[in-house]
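Convention: sequence-line order gives letters A, B, ...; per-chain numbering from 1.
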Amino acid sequence: MSSILAGLNPEQLEAITLPHQSALVLAGAGSGKTRVLTTRIAHLIQSGQVSPHGILAVTFTNKASKEMLTRISTMLPINIRGMWIGTFHGLCNRMLRSHYQEAGLPQAFQILDVADQLAVIKRLQKNLSISDKDMPPRQVQWFINNAKEEGQRASNVESHDSFTRKLVEFYQTYEQQCNKDGIVDFPELLLRCYELLIRNEVLCNHYRERFSHILVDEFQDTNRLQYKWLRILSNVGSSTTAAVFVVGDDDQSIYAFRGANTGNMQEFEHDFNVSKVIKLEQNYRSHGNILDAANALIQHNDGRLGKNLWTSEGSGEPIRVYNAPTDFDEASFIVEEIKSLRDEGVDLSQIALLYRSNAQSRVLEHSLFNAALPYRVYGGMRFFERLEIKHALAYLRLIANPDDDNALLRIINFPTRGIGARGVEQLQDEARLDGSSLWSAALKKSSNAPIIQDPEKAKRGVGGFVALMTTMRQACENLPLPQTVEQMLSLSGLLGYYHVEREGADRVENLNELINAATSFVHEADDDSLTTFLAHASLEAGDYQTDTGKEALQLMTVHSAKGLEFHSVFLTGLEEGLFPHENSRNETNGQEEERRLMYVAMTRACRRLYLSFSQSRMLHGQTRYNVPSRFLDEIPENLMKWLQSTQKIDVRHFKSSVDKRFKNTVSQSLGNTKSRISGSINAQETQWHIGQNVAHNKFGSGVIINYEGQGNDARVQVNFDRVGMKWLLLEYAKLTSA
DNA sequence: TTCCTTGTCGCCCGG
DNA sequence: CGACAAGGAA
């Protein structure tokens, strides 16, 4: 009678109704994994085995946890707000906020995203006079994060060579700096939380008693630290251990680069005394040919837990393969196919263009744009990572906590108010001397300064900055969050700055979108404080794209496609060096990880799958010639249908021996004048255009490479053979066509 | 101090 | 190719 259990297959049903014990569910792609997880939670609550209070469910992405919450709330009429469902990072943040004192953190501790973290590292290196040649900041970041994800503090890291010793030493210093500033990077959220549970037995027992059921999604993606966190929290081995229900697929493990360890699955079976592994192998997503191809591919991997997807549907269409001469041609081919799919009645939003790396999207976007096909690009630059948003957030952070040095450094001279590198340095010296924050130093400096009468001058310099922040804090006091954001945007001058800035319209739009983000945050969260909003901004880099839900093609990397499905999938750039990625050659089991990535990509398709590769491709600013991906050889020939190009060859795509200088400037001009198609200037009844050879009676001959302005103000940039670049006013320069 | 040009270096994935 | 830092000119 229980309606939530209707229509499940025997394996799904078994997993959902399993009694209070730890279990491992091997769930293949499209086998109803999320349904099993959410239905189990609903079933546990509905049958009275546990209250919503006693459940802890962990996912990897915000998207997945949102999905889980929505599905549960449609099954059960309960308040889902109090439930502990979220990402590892989100849940650890929640715990650390509740017990910040025990964790040794300030109440309003800030979370650093990757870019913030890199900035802190760079700043620290500068202070310590460490050259970024000796110690590349990115490598340092990688080192620190890796150590943390293994659960290691600086004192735990073994170092056998002098370079590692230097890294460890820096790790230590970095830690001290973070503690001093009250900031926490992503892996620190987990490590801090883990250490809190280890050290504080009372607290740990409190949570152990509370959570009798722990459920984990995408378990194959857990790293060592996450595994240890789960083990502590579940109190495995004791008489009161929680039932830990993990769902995963070793074939879809694609996050080894960030410490994911499939070994956790085998270890879990052992450590948690798993008596039975349930396999979900029936696929409800794809037609047979697609599954057969994916199965054939993944069989080339060793050490799999073993699983074979099958479907009760027919074999469907063959897999379409296309061999393109150039990346440009590959894109045009895709455009043509999309048009005919659209004519067949397939929704554009049901078509995905997948690629290995974000850089590949540009060529595709270009073709789609020219064909007037609407598309949406996922990933890449996220909302909260945008420069203008970062600036706005820095103002907010400084409102929340005046002593946030990192926030202060970001915006003390943005928009510019006459505080240069020199002035900042003075403040830093002052702060170091007093052992105070930069804000205190600024306050001290401005209070000693003479009072300036001129109101315009008073807005400048350190004094102006102090006055600004003081006004802003006063204005925002007791104001609801969205209004605080609004006040900050106008008072800070950010809106004004981008308003007059050329190409600033998008940024103004984004800044206004931040008010919307704050508004919806206030509606959704039960704690609507500024601090919580800031944490939210760091943890959820944000799919705050304005045109969500619009009928548009979906462009994304294979990684971000995990968990999704589409009617038709175009898997592009199947070339050696790109997919498998060349970096994977040097990584242990790199090729197997790439193959799993390929497997994930293929199994996104429900009905139609296109595989394409190109003989040449623009990469790193130069044309590269690649051979087809080895993965194509691993798919049985009888499942594939090789397509021929039906297009006329477009002369523009011929490689010509055009001067490189000229080619560069053409794309440059396109980039600078988005709305304009051609780059020509009409001045004094003479047509000048980019790329034109000209002569000047003093500078000699050259080529027009850029222009700006109109009428009397029209200027051209000319690259002269003898004297190089010059900007010239057309009215006076007396150029002649050569 | 600020803006603009030039040069260098990286270019894969998420919270 | 594009982001970003460094360096030079106003």
Side-chain angles (χ1 to χ4, degrees), chain A residues 58-65 86-93 111-115 117-119 122 126 132-133 136-139 145 149 184-190 218 221 223 226 253-260 327 354-363 366 378-382 384-385 387 413-424 460-461 535-543 556-563 573 577-584 587 590 593-594 596-597 600-601 617-624 660 663-664 667-668 671 706 717 724-725 727:
Chain A
V58 204
T59 64
F60 272 82
T61 62
N62 292 304
K63 198 161 61 177
S65 71
T87 62
F88 277 102
H89 293 85
L91 295 173
C92 286
N93 175 54
I111 302 167
L112 299 180
D113 67 18
V114 266
Q117 186 188 28
L118 197 63
K122 283 181 181 170
K126 204 162 240 174
D132 53 6
K133 294 276 187 297
R138 284 172 176 280
Q139 196 182 341
N145 289 349
E149 278 167 355
V184 165
D185 56 41
F186 281 135
E188 183 71 20
L189 282 171
L190 297 184
E218 307 280 16
D221 289 337
N223 61 35
Q226 288 159 341
S253 163
I254 55 174
Y255 285 107
F257 71 92
R258 59 163 146 138
D327 48 352
L354 306 184
Y355 33 81
R356 178 66 178 83
S357 65
N358 273 314
Q360 287 167 252
S361 76
R362 206 160 26 82
V363 182
H366 187 81
Y378 289 78
M381 188 60 92
R382 287 185 191 73
F384 287 116
E385 287 172 357
L387 193 71
N413 198 35
F414 193 93
T416 51
R417 49 178 74 85
I419 308 169
R422 190 71 199 283
V424 173
R460 297 186 62 78
H536 166 83
S538 308
L539 284 171
E540 191 153 339
D543 273 336
M556 65 190 85
T557 62
V558 178
H559 279 92
S560 40
K562 185 154 115 168
L578 207 60
F579 202 169
H581 198 277
E582 56 194 345
N583 293 3
S584 68
E587 289 158 11
E593 170 120 338
E594 294 291 308
R596 290 192 292 267
L597 204 45
V600 168
R617 180 179 298 278
M618 196 64 149
L619 214 64
H620 301 192
Q622 54 186 345
T623 310
R624 303 213 331 196
K660 187 174 181 251
K663 274 207 304 203
N664 281 344
S667 60
Q668 200 180 323
N706 207 350
Q717 190 177 25
M725 301 288 197
W727 275 101

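Here Gln360(A) lies out of heavy-atom contact (under 4.0 Å) with every strand. Phe88(A) comes within contact range of no nucleotide atom at all, as no heavy-atom separation falls under 4.0 Å. Residue Phe186(A) is classed as a base contact, given a heavy-atom separation below 4.0 Å to a base. Among the protein residues, Lys562(A) comes within range of no part of the nucleic acid, since none of its heavy atoms lies under 4.0 Å from any strand. Residue contacts shown for Val114(A) include a base, since a base heavy atom lies under 4.0 Å away. Contact annotation for Asp113(A): no contact, since no heavy-atom pair falls under 4.0 Å across all strands. Among the heavy atoms of the strands lying under 4.0 Å from Glu587(A) is at least one base atom, whether or not backbone atoms are also near.
Minimum atom distance to the side chain of Asn413(A) is reached by dT2(B), of the listed dT1(B), dT2(B), dG14(B). When distances are taken from the side chain of Arg356(A) to each of dG15(B), dC12(B), dA6(C), the shortest belongs to dC12(B). Side chain of Arg422(A), nearest nucleotide from dT1(B), dA6(C), dG14(B): dT1(B). Considering only side-chain atoms of Thr416(A), the nucleotide from dC1(C), dT2(B), dC12(B) that sits closest is dT2(B). For Arg362(A), whose side chain is taken as the heavy atoms from C-beta onward, the closest listed nucleotide among dC12(B), dG14(B), dC1(C) is dC1(C). When each of dC1(C), dC3(B), dA6(C) is scored by its nearest atom to the side-chain atoms of Met618(A), the top-ranked nucleotide is dC1(C). Which of dT1(B), dA5(C), dG14(B) sits closest to the side chain of Lys122(A) comes down to dA5(C).
Between Glu218(A) atom CD and dG15(B) atom P there is a gap of 12 Å when expressed in whole angstrom units. As rounded to whole Å, 11 Å separates atom P of dA5(C) from atom CG of Leu387(A). Taking atom CZ of residue Arg138(A) and atom P of nucleotide dC4(C), one finds them 9 Å apart after rounding to whole Å. Separating the CD atom of Glu385(A) from the P atom of dG14(B) is a distance of 9 Å, rounded to the nearest angstrom. Separating the CD atom of Gln139(A) from the P atom of dC9(B) is a distance of 15 Å, rounded to the nearest angstrom. Separating the CG atom of Leu91(A) from the P atom of dG14(B) is a distance of 20 Å, rounded to the nearest angstrom. At whole-Å resolution of the value, NE2 in His366(A) and P in dC1(C) are 12 Å apart. Rounding to whole angstrom units, CG of residue Asn583(A) and C1' of dC11(B) are separated by 9 Å.
Nearest heavy atom pair, residue Gln226(A) against residue Phe88(A), reads NE2-CD1, 3.6 Å. Nearest heavy atoms, Asn145(A) versus Pro187(A): OD1-CG, 3.3 Å. Among all heavy-atom pairs drawn from Lys63(A) and Ser560(A), the shortest one is NZ-O, 3.8 Å. The two atoms that bring Ser538(A) and Ile111(A) nearest to each other are OG-O, 3.1 Å, heavy atoms only. Taking all atoms of both residues into account, the shortest heavy-atom contact from Glu594(A) to Phe579(A) is O-CE2, 3.4 Å.
Position along DNA chain B of the nearest nucleotide to Ser357(A) versus Arg417(A) favours Arg417(A) as the more 5'-ward residue. Taking for each of Ser584(A) and Asn145(A) the nucleotide of DNA chain B with the nearest heavy atom, the 5'-most of the two is the partner of Ser584(A).
Side-chain atoms of Gln226(A) and base atoms of dG15(B) include no donor and acceptor less than 3.5 Å apart.
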Checking Gln360(A) against Ser357(A) for the side-chain hydrogen bond (donor to acceptor under 3.5 Å, both in side chains) test, could you report, in this order, the C-alpha distance in whole Å, the side-chain angles of both residues, the deciding distance, and whether it holds? CA-CA 6 Å; Gln360(A) 287 167 252; Ser357(A) 65; 3.2 Å; yes

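The shortest distance between the side-chain N/O atoms of His581(A) and the OP1/OP2 oxygens of dC12(B) is below 4.0 Å. Listed pair Arg624(A) / dC11(B) fails the phosphate criterion, with no side-chain N or O lying under 4.0 Å from OP1 or OP2.
Using cut-offs of 30° and 60° on the angle between ring planes, the pair His89(A) and Phe186(A) is perpendicular.
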